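Everything numeric here is computed off the predicted structure, so don't read it as measured data. The analysis underlying the following values was restricted to heavy atoms, covering all of them including side chains, and did not include hydrogens, waters or symmetry mates.
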Amino acid sequence: MSRLTIAGLARAGGVGVETIRYYQRRGLLKTPARPTGAGQAGHIRRYGEEDVHRLRFIRSGQAAGFTLEQIAELLALDATNDRTRARELAVERIAALDTKIAELEKARTSLRRLARECGSGATGPCPIITSFETPESATLTASKSLP
């Protein structure tokens with residue numbers, strides 16, 4: 001891969017230049033030295049393939065829900081043999097994703113109920129609020145109203 005400017009690195013990673021600079025300030029990406037000497041292409045910093053891979057990893061880690069602190073830890077672990085800690089971070093993230101997936105599935109069920117009930121052709125107002133009640137919350141609400 002040819003040596004990239006910061007704009008080229010940003011394009012290759014699907015981010016903006018300011019995001020690159022932010023990651024550099026956070027220590028996630030290295031800031032290359034400016035070349036010195038005559039004829040050094042305007043003393044422009046250049047980035048290589050390793051920087052592109054690192055940037056893509058950061059973006060993928062964020063998409064998986066890792067915080068930037070966790071991504072920094074994973075990047076540091078990449079140069080070690082501490083597979084246990086890397087596994088712990090991955091397992092924690094899987095558990096958090098499983099929780100989020102369960103929440104999203106509940107939301108999808110509620111939206112399907114809303115679409116079905118409001119599209120049934122029945123007269124009267126659409127039961128928007130009750131569409132989002134789960135059987136457990138409806139039972140809880142009913143039991144609270146009992147003397």
Side-chain angles (χ1 to χ4, degrees), residues 1-122 125-141 144:
M1 174 177 283
S2 64
R3 305 294 289 167
L4 301 168
T5 63
I6 193 168
L9 176 62
R11 270 191 307 279
V15 299
V17 169
E18 287 306 312
T19 301
I20 301 290
R21 291 187 177 123
Y22 178 72
Y23 291 160
Q24 288 172 331
R25 287 190 301 273
R26 297 286 307 255
L28 299 171
L29 288 173
K30 295 175 188 167
T31 303
R34 290 186 189 275
T36 58
Q40 292 296 319
H43 307 286
I44 297 173
R45 291 183 172 108
R46 299 291 175 168
Y47 299 84
E49 189 172 340
E50 181 181 325
D51 298 304
V52 173
H53 289 297
R54 193 172 179 101
L55 176 58
R56 288 179 179 161
F57 170 76
I58 294 166
R59 300 296 291 160
S60 295
Q62 285 182 303
F66 285 109
T67 66
L68 290 180
E69 291 78 18
Q70 291 169 323
I71 291 170
E73 185 176 357
L74 287 167
L75 288 168
L77 287 170
D78 188 51
T80 71
N81 289 326
D82 191 353
R83 291 172 171 251
T84 302
R85 180 61 185 146
R87 183 181 184 282
E88 287 171 1
L89 286 168
V91 168
E92 288 171 13
R93 211 44 236 136
I94 291 167
L97 286 172
D98 287 343
T99 299
K100 186 67 176 176
I101 289 167
E103 291 169 2
L104 291 170
E105 286 175 342
K106 285 180 184 178
R108 181 178 54 201
T109 299
S110 296
L111 289 169
R112 284 184 174 153
R113 187 178 312 116
L114 177 65
R116 183 181 63 247
E117 291 178 10
C118 291
S120 68
C126 183
I128 294 170
I129 294 175
T130 58
S131 295
F132 283 85
E133 286 187 352
T134 61
E136 301 86 38
S137 66
T139 304
L140 180 63
T141 303
K144 284 184 179 179

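- Partner of Leu89 under the side chain to side chain contact (heavy atoms under 4.5 Å, CB included) criterion, chosen from Arg87, Arg85, Arg93: Arg85.
- A salt bridge links Arg21 to Glu18: one of the charged nitrogens lies within less than 4.0 Å of a carboxylate oxygen.
- Atom CZ in Arg112 sits 13.0 Å away from atom CG in Leu114 (nearest 0.5 Å).
- For the side chain to side chain contact (heavy atoms under 4.5 Å, CB included) criterion with Leu9, the lone passing option out of Val17, Val52, Val15 is Val52.
- The two residues Ser110 and Phe132 have their closest heavy-atom pair at CB-CD2, 3.3 Å.
- Counting only distance, with no hydrogens or angles, the side chain of Arg26 and the backbone of Leu68 share no donor-acceptor pair below 3.5 Å.
- More than 12 heavy atoms of other residues, nucleotides or ligands sit less than 6.0 Å from atom CG of Asp98.
- In this structure, Gln24 CD and Asp51 CG are separated by 8.5 Å, a value rounded to the nearest 0.5 Å.
- Looking only at distances, a side-chain donor or acceptor of Arg56 sits under 3.5 Å from a matching main-chain atom of Ala12.
- Expressed to the nearest 0.5 Å, how far CD1 of Ile20 lies from CZ of Arg45 amounts to 13.0 Å.
- Annotation for Glu50: atom CD does not count as buried by contact number, only 12 or fewer foreign heavy atoms lying within 6.0 Å.
- The OH atom of Tyr47 sits 5.5 Å away from the OG1 atom of Thr31 when rounded to the nearest 0.5 Å.
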